[in-house]
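The block underneath contains the structure these notes are about, expressed in structure tokens.
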Amino acid sequence: MQHKAFVPIQLTNTRGFTLECIPFGATLTRLQIPDRNGTLVDVLVGLVHERDYGTDAYRERNWCLGATIGPYAGRIGGGGFTLDQHFFQLKGKNGIHLHGEDAGWQYKHWEVCEYDPKSQVVSFLLNTVAGEGGYPASVSAKVTYQLGHDFIEIRYSATCDAPTVLNLTNHAYFNPSGENGIEGQLLCLDSDEYLLTDAGLVPTGAKEAVADSPFDYRECREFEPHHPMDHCFVLKRSQQVATVYSSQSGIKISVDTDQPGLVVFTPRRLDGVKLRNAMEKMAFPAICLECQGFPDAPNHANFPSTRLVPGQTYQQTTRYSFSVD
């Protein structure tokens, strides 16, 4: 019998959208929407079977396909962070902590605390214990997925019992064509700056203008595979912070968020584990548009704070909208 953490939960709307997710990692596993010809296109890259998300082979790659990332999305360098004059050492490799490492929420079995097919809403709840991964607080977190007429909205909330840092995101791998790589798709990023990083992809604390760089997508243009991205872009506003468009399907994905950063990740390959539509064989199979606070913010006073204390509630909203022409 399949473990309940891997049993898909489905939301549908009147336009023919179908969203599926599983409690393991509060993971979005597939999203089918009609293209310009009315043919359903799966715009999320995912594993063939839901049970595959629990395999060692998948976990070793740390792809986090469609998963909820916490307690801290992105990298924290220096072996950890200092909070209230106390240094908290985090697990990691070569002093770099990524996506919570072994204690990452993408590997947790979340509890379904709300499921309403009529309102097209599903919510997951997770309670953690202080000390997991080196973090100082116990956290109670909730993520809600809502399927609207032409969008998916993701809402996060969390509280803690001691001062800590928190930075959540969803690690969906999008491809609006559904079957080919993203090379040639149109990308637009409403950002003038991105965070400079060191050799370990940890932010240095400095920002760099996108002007005259390969990462200037302020005007929509084709994605350049010669310059793959794993960069955090500094956002100026909350609406239409990014779009990606496939002329093959006519599907455009637009991103709105209240977060200060957008991590854009364009992996060269996702091989070693079977993906739907044989996407493991494709070069540049997807693009991640991860709305979040800045990576390594606890170690940079000039970055927006990711500190959370008792009595406060962490809140975040991100929306992915879909249109067809």
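With Tyr245 contributing its side chain and Gly250 its backbone, the two residues share no donor-acceptor pair below 3.5 Å. At least one donor-acceptor pair closer than 3.5 Å links the side chain of Thr266 to the backbone N or O of Met229. Side chain of Thr68 to backbone of Gln106: no donor-acceptor contact under 3.5 angstrom is found.
Using the six-membered ring where Trp is involved, His231 and Phe215 have ring planes that are tilted, between 30° and 60° apart. Phe124 and Trp110 have perpendicular rings, their planes meeting at more than 60° on a 0 to 90° scale where under 30° would count as parallel.
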Would you please test His149 and Phe151 for ring pair (Phe, Tyr, Trp, His ring centres under 6.0 Å) and show each step? CA-CA 6 Å; His149 178 70; Phe151 65 85; 8.7 Å; no
Take Arg269 and Glu280, measure what salt bridge (charged side-chain N to carboxylate O under 4.0 Å, His left out) needs, and give me the verdict at the end. CA-CA 7 Å; Arg269 293 279 181 181; Glu280 72 275 8; over 6 Å; no
Apply the test side-chain hydrogen bond (donor to acceptor under 3.5 Å, both in side chains) to residues Glu179 and Gln248: give CA-CA distance (whole Å), side-chain angles for both, the deciding distance (0.1 Å), then the verdict. CA-CA 10 Å; Glu179 55 184 11; Gln248 176 184 346; 2.6 Å; yes
Worked verdict on His300 versus Phe81 for ring pair (Phe, Tyr, Trp, His ring centres under 6.0 Å): CA-CA 10 Å; His300 301 284; Phe81 62 92; over 10 Å; no
Go through the steps to decide whether Glu111 and Lys142 satisfy the test salt bridge (charged side-chain N to carboxylate O under 4.0 Å, His left out), and finish with yes or no. CA-CA 9 Å; Glu111 175 190 349; Lys142 180 180 179 181; over 6 Å; no
Is there a side-chain hydrogen bond (donor to acceptor under 3.5 Å, both in side chains) between Ser140 and Asn127? Walk through the geometry before answering. CA-CA 4 Å; Ser140 179; Asn127 293 307; 2.9 Å; yes
Asn170/Tyr320 under side-chain hydrogen bond (donor to acceptor under 3.5 Å, both in side chains): CA gap, chis, key distance, verdict: CA-CA 11 Å; Asn170 185 277; Tyr320 297 98; 5.6 Å; no
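Interatomic distance, Ser249 OG to Phe322 CZ, rounded to the nearest 0.5 Å: 11.5 Å. For the atom pair NE2 (His171) and CG (Leu289), the distance works out to 11.0 Å, reported to the nearest 0.5 Å.
We find that Glu132 and Lys108 are joined by a salt bridge, their nearest charged nitrogen and carboxylate oxygen being less than 4.0 Å apart. In this structure, Asp325 does not pair ionically with Lys252, as no charged nitrogen and carboxylate oxygen lie closer than 4.0 Å. Of the charged side-chain nitrogens involved, at least one lies within less than 4.0 Å of a carboxylate oxygen, so that Asp190 and Lys236 count as a salt-bridged pair.
Here the closest heavy-atom approach between residue Arg276 and residue Thr29 is recorded as NH2-O, 2.8 Å. Scanning both residues, Arg319 and Glu153, for their nearest heavy atoms gives NH2-OE1, 2.8 Å. Considering all non-hydrogen atoms of both residues, Arg30 and Val48 come closest at NH2-O, 4.1 Å. When all heavy atoms of Gly100 and His97 are compared, the closest pair comes out as CA-NE2, 3.2 Å. Of all non-hydrogen atoms in Phe88 and Pro136, the two that sit nearest each other are CE2-CB, 3.2 Å. Contact record, Asn302 with Gly205: ND2-O, 2.9 Å, taken as the closest heavy-atom pair.
For the 3.5 Å distance criterion, the side chains of Thr318 and Gln316 qualify, holding a donor opposite an acceptor. For Asn37 and Thr39, the side-chain atoms include no donor-acceptor pair closer than 3.5 Å. Using modelled atom types and a 3.5 Å distance limit, the side chains of Tyr314 and Thr164 yield no donor-acceptor pair. Checked by atom type, the side-chain pair Tyr107/His99 shows no donor-acceptor distance below 3.5 Å. For the residue pair Gln259/Gln292, the side-chain donor-acceptor check at 3.5 Å is not satisfied. Of the N and O atoms on the side chains of Ser123 and Thr144, at least one donor lies less than 3.5 Å from an acceptor on the other residue.
Each of Leu275 and Leu44 belongs to its own hydrophobic cluster when Ile, Leu, Val, Met, Phe, Trp and Tyr are linked at side-chain heavy-atom distances under 4.5 angstrom. In this structure, Leu126 is not a member of the same hydrophobic cluster as Val121, with clusters built from ILVMFWY side-chain heavy atoms closer than 4.5 Å. Under the 4.5 Å side-chain heavy-atom criterion for Ile, Leu, Val, Met, Phe, Trp and Tyr, Ile154 and Leu65 are members of distinct hydrophobic clusters.
When Asn167, Leu98, Leu168, Thr169 are each tested for a side chain to side chain contact (heavy atoms under 4.5 Å, CB included) with Ile69, only one passes: Thr169.
A distance below 6.0 Å separates the ring centres of Phe284 and Phe223. Here the two rings, on Tyr72 and Tyr135, have centers that are 6.0 Å apart or farther.
Around atom NZ of Lys281, no more than 12 heavy atoms belonging to other residues, nucleotides or ligands sit under 6.0 Å away.
In this structure the side chain of Leu166 never reaches within 4.5 angstrom of the side chain of Gln312, judged on heavy atoms. Inter-residue side-chain proximity for Lys93 and Glu101 is flagged as met; some heavy-atom pair is nearer than 4.5 Å.
Taking the centre and axis of the six-membered ring of Tyr217, the NZ or CZ atom of Arg221 falls inside the cone set by 45° and 6.0 Å.
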